[in-house]
> 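A single structure is presented below for examination.
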Amino acid sequence: MTRSKQPLEPVTPGKVGIYLCGPTVYKPSHIGHMVGPVIFDVIKRYLTYRGFDVTWVVNITDVDDKLIVESNQRGISIQALANEMIADYMTNLAAMGVDTIDHFPKATDNIDAIIDFISRLIDKGFAYAADGDVYFDVGKDSAYGKLSGRSLDSVQGEGGETADRKRSLADFALWKSAKPGEPSWESPWGPGRPGWHIECSVMSQQILGETFDIHGGGLDLVFPHHENEVAQSECCHGKPQARYWLHNGLMQAGGETGKVGGRSTRAADAATEVPAGAPAEGDAEAQEAGKLGKSKGAAPFSELLKKHAPETIRFLLLSNHYRRPIYFSEQRLEEIAASLETFYRYFKRYERVTGESFYALDAAAGSVTTDNSDETQAEVSRLRQRFLDAMDDDFNTGAAIGDLFELVRALNKYVDQHALEAADAPPAEKLATLQQGTSVLRELASILGIFRQPVQSAGGGDDALTGELVALLVKLRAEARADKNYQLGDRIRDGLQELGVTLEDRADGTEWTIQR
RNA sequence: GGCGCCGUCGCCAAGUGGCUAAGGCAGCGGAUUGCAAAUCCGCCAUCGCCGGUUCGAAUCCGGCCGGCGCCUCCA
């Protein structure tokens, strides 16, 4: 509520309760729906790493006008629709590596509690029933508007057919009476269903308590959703609902060049200089910038997953500070994928040198950095500390990732300096230093929830035959080179390169990778 | 119109009063390599514009320009 960073002081020392507003399950999720979960997954991982006992709740809103409309259009029940979209959401979360959510409460599982909650608000005079509807009376809440920073008279409120039942247009529905054919539950005010905001007030309180620590959601939810939620909760029990509010920036659909909106006026300038109808049009969809959402028709997340590795998408979401908007484009994802190769190549290199898989390293073992007499060890512990400082500063994952790149460079340098890759039997203490430094990388990466599993092996081809064919060409090239027939060898290599196969000659043979 | 956010290297992106303005992608030079690839080393920005506060500002204040979000469903 202070609109500033504050030190974390949990309600209960050592424990942290987090509530993140989840999806209304009426359509397949798009990439925007993954932003909050990925960010809070990292937040939970970090707080857990720091020794807190964290409980994280993500609600599922499975009854709402939008579900009714969509289910009618498709001719299925809202339960069937909800189940289908929940399954889609869960699949997408799993792909993103978000597996730290403790509770997924559903609105329809908590109707009784919602009715109780509304009754209490009526009893306290903060809400009133009208023709089967129940509305929250914003005029009774002197604090209304404190979260989003707006004054009551600046709130328009929704008009429409219910306008005449409300005391003020800014009042919002806690309970909506059912029209014929609509799903409904019995209540003291007649058959109906919950309004949009009430489920979050109720379910957060049920699981995390009246006052909990962190409430999150997209920036677009600040008003009216969170404003109304705070109003309901705090009028109901008279205590603060959440101690800290974290709102993530929204995903912006970017153009092909990655230049979006205000990031560069040059694109706009150039456009005005170009005669209408000339080049620039290209791909109208890609030129458009703005928030993703149903109005923009963002692609289902499952489609995106077909084209890009999950880890690439996760990395994109963590590559800047969570409060800032994320500019999304195909080109951006390709750049991210290219930068990730630096890590993947190091992991393979580490395995060549030590015979041990990076992924087998113990993520918890990285913390022991005692000997700083060695230059590399000193650098590793310096970067580790900088990473943790960045995370302490409002979960600055963008800065933290920068430290990861510096860390991998320090480790590559160490391998180079001591020629560990060339040596038949590298000195044990050198290997120990390398292993120690690499386990720090593993430790820090696990906080971000990245590099947890090997990505599909970069060797190997689309199918077995491709792999065998490449292997055959590599063998032929090796024979040509053995005969000093470099011309033929290079022709094979260049030809493969044109097909997207890159060869790397090493002391112990030739390694190859396919870019797709 | 009201409320809020933002403008840092070709692109992405840290930094919000004082070390040489992180890091990535792209690019250039070098080491290495038969040549490459990979790796390492080096080079590559005075922070939208104007004015002010200050010993000192990308960082604070004011104005301007540009962009975005919310005010109606949206993570």
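Each chain gets a letter, A, B and so on, in the order its sequence line appears, and its residues count up from 1. The model shown is predicted, which means the values in this text are computed figures rather than measured ones.
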> Using a cut-off of 4.0 Å on non-hydrogen atoms, how would the nucleic acid contact of A:Ser29 be classed: base, sugar-phosphate, or nothing?
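Counting heavy atoms under 4.0 Å across all strands, no contact is made by A:Ser29.
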> Would you kindly compare A:Ile336 and A:Arg493 by the position of their nearest RNA chain B nucleotide and give the one closer to the 5′ end?
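Looking at the nearest nucleotide for each, A:Ile336 comes out on the 5' side.
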> Does A:Arg324 put a side-chain nitrogen or oxygen below 4.0 Å from OP1 or OP2 of B:G7?
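Yes, within the criterion.
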> How far, in whole Å, is B:U16 from B:C6 if one measures between their P atoms?
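After rounding to an integer number of Å, I get 13 Å for this pair.
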> Could you measure between the two P atoms, the one in B:G10 and the one in B:U46, and give it in whole Å?
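10 Å, rounded to whole Å.
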> Using the C1' atom on both, measure B:C70 against B:C61 and round to a whole Å.
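Rounded to whole Å, the distance is 26 Å.
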> Using atom CG of A:Asp394 as one end and atom P of B:U16 as the other, report the distance to the nearest whole Å.
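That distance rounds to 12 Å.
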> Below 3.5 Å, does any donor atom in the side chain of A:Asn396 face an acceptor in the base of B:G15, or the other way round?
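Per atom types, no contact qualifies.
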> Roughly how many Å apart are B:A57 and B:G69, using the C1' atom of each and rounding to a whole number?
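Straight-line distance between the two C1' atoms is 28 Å.
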> B:A13 and B:A36: how far apart are their C1' atoms, nearest whole angstrom?
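Each nucleotide's C1' atom is 32 Å from the other's.
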> Rounded to whole angstroms, how far apart are CD on A:Gln417 and P on B:U32?
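Rounded to whole Å, this separation is 16 Å.
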> Using ring pair (Phe, Tyr, Trp, His ring centres under 6.0 Å) as the criterion, point out the one residue from A:Tyr19, A:Trp56, A:Tyr244 that pairs with A:His215.
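Exactly one option meets the ring pair (Phe, Tyr, Trp, His ring centres under 6.0 Å) with A:His215, and it is A:Tyr19.
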> Name the nucleic acid region contacted by A:Arg323, choosing base, sugar-phosphate or nothing; use a 4.0 angstrom heavy-atom cut-off, strictly under.
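Counting heavy atoms under 4.0 Å across all strands, no contact is made by A:Arg323.
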> Establish, with yes or no, whether the OP1 or OP2 oxygen of B:C40 is under 4.0 angstrom from a side-chain nitrogen or oxygen of A:Asn412.
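For A:Asn412, the contact criterion (side-chain N or O under 4.0 Å from OP1 or OP2 of B:C40) is met.
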> Taking the six-membered ring for Trp, is the centroid-to-centroid distance between A:His197 and A:His226 below 6.0 Å?
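Here the rings of A:His226 and A:His197 have centres that are no less than 6.0 Å from each other.
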> Flag the pair A:Tyr135 / A:Phe172 as yes when their ring centroid distance falls below 6.0 Å, and as no otherwise.
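Not under 6.0 Å, so no.
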> Under 4.0 Å between any heavy atoms, over every strand shown, what does A:Gly22 touch: base, sugar-phosphate, or nothing? Just pick one.
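Touches sugar-phosphate only.
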> Could you tell me whether the phosphate oxygens of B:G34, OP1 or OP2, come under 4.0 Å of any side-chain nitrogen or oxygen in A:Lys484?
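So the side chain of A:Lys484 is outside the cut-off, no N or O lying under 4.0 Å from OP1 or OP2 of B:G34.
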> What's the gap between B:G51 and B:C65 when it is taken at their C1' atoms, as a whole Å value?
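Result for the C1' pair: 15 Å, nearest Å.
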> Does any non-hydrogen side-chain atom of A:Phe395 lie less than 4.5 Å from one of A:Val42?
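A:Val42 vs A:Phe395: side chains apart.
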> Do any N or O atoms from the side chain of A:Asp171 and from the backbone of A:Ser168 form a donor-acceptor pair under 3.5 angstrom?
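Here the side-chain-to-backbone pair exists.
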> What about A:Phe343 and A:Phe405, are their ring centers closer than 6.0 Å?
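Yes, ring centres under 6.0 Å apart.
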> Would you classify A:Asn320 as touching base, sugar-phosphate or nothing, given that sugar-phosphate means primed atoms plus P, OP1 and OP2, and contacts are heavy atoms under 4.0 Å?
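Sugar-phosphate, backbone atoms only, no base.
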> Report yes or no: do A:Asn228 and A:Gln232 form a side-chain donor-acceptor pair below 3.5 Å?
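There is no such pair (donor and acceptor under 3.5 Å, judged by atom type) between the side chains of A:Asn228 and A:Gln232.
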> Taking any heavy-atom pair under 4.0 Å as a contact, classify A:Leu503: base, sugar-phosphate, or nothing.
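If one applies the 4.0 Å heavy-atom cut-off, A:Leu503 turns out to touch a base.
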> Using a 4.0 Å heavy-atom cut-off across all strands, classify A:His321 as base, sugar-phosphate, or nothing.
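Sugar-phosphate contact only.
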> Taking the same atom, C1', in B:U33 and in B:U59, what whole-Å distance lies between them?
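Approximately 46 Å lies between the C1' atom of B:U33 and that of B:U59.
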> Tell me, for nucleotides 19-29 of chain B in 5' to 3' order, what letter each nucleotide earns: B for a base near a protein heavy atom under 4.0 Å, S for only sugar-phosphate near one, - for neither?
---BSBS----
> Could you work out which one of B:C40, B:C71, B:A13 sits closest to the side chain of A:Phe223?
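Given the options B:C40, B:C71, B:A13, the side chain of A:Phe223 is closest to B:C71.
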> Between B:A22 and B:A58, how far apart are the C1' atoms? Round to whole Å, please.
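Taking atom C1' in both B:A58 and B:A22, they lie 14 Å apart.
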> For A:Arg352, which contact category applies under a 4.0 Å heavy-atom criterion: base, sugar-phosphate, or nothing?
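Answer is nothing: A:Arg352 stays at 4.0 Å or more from every strand.
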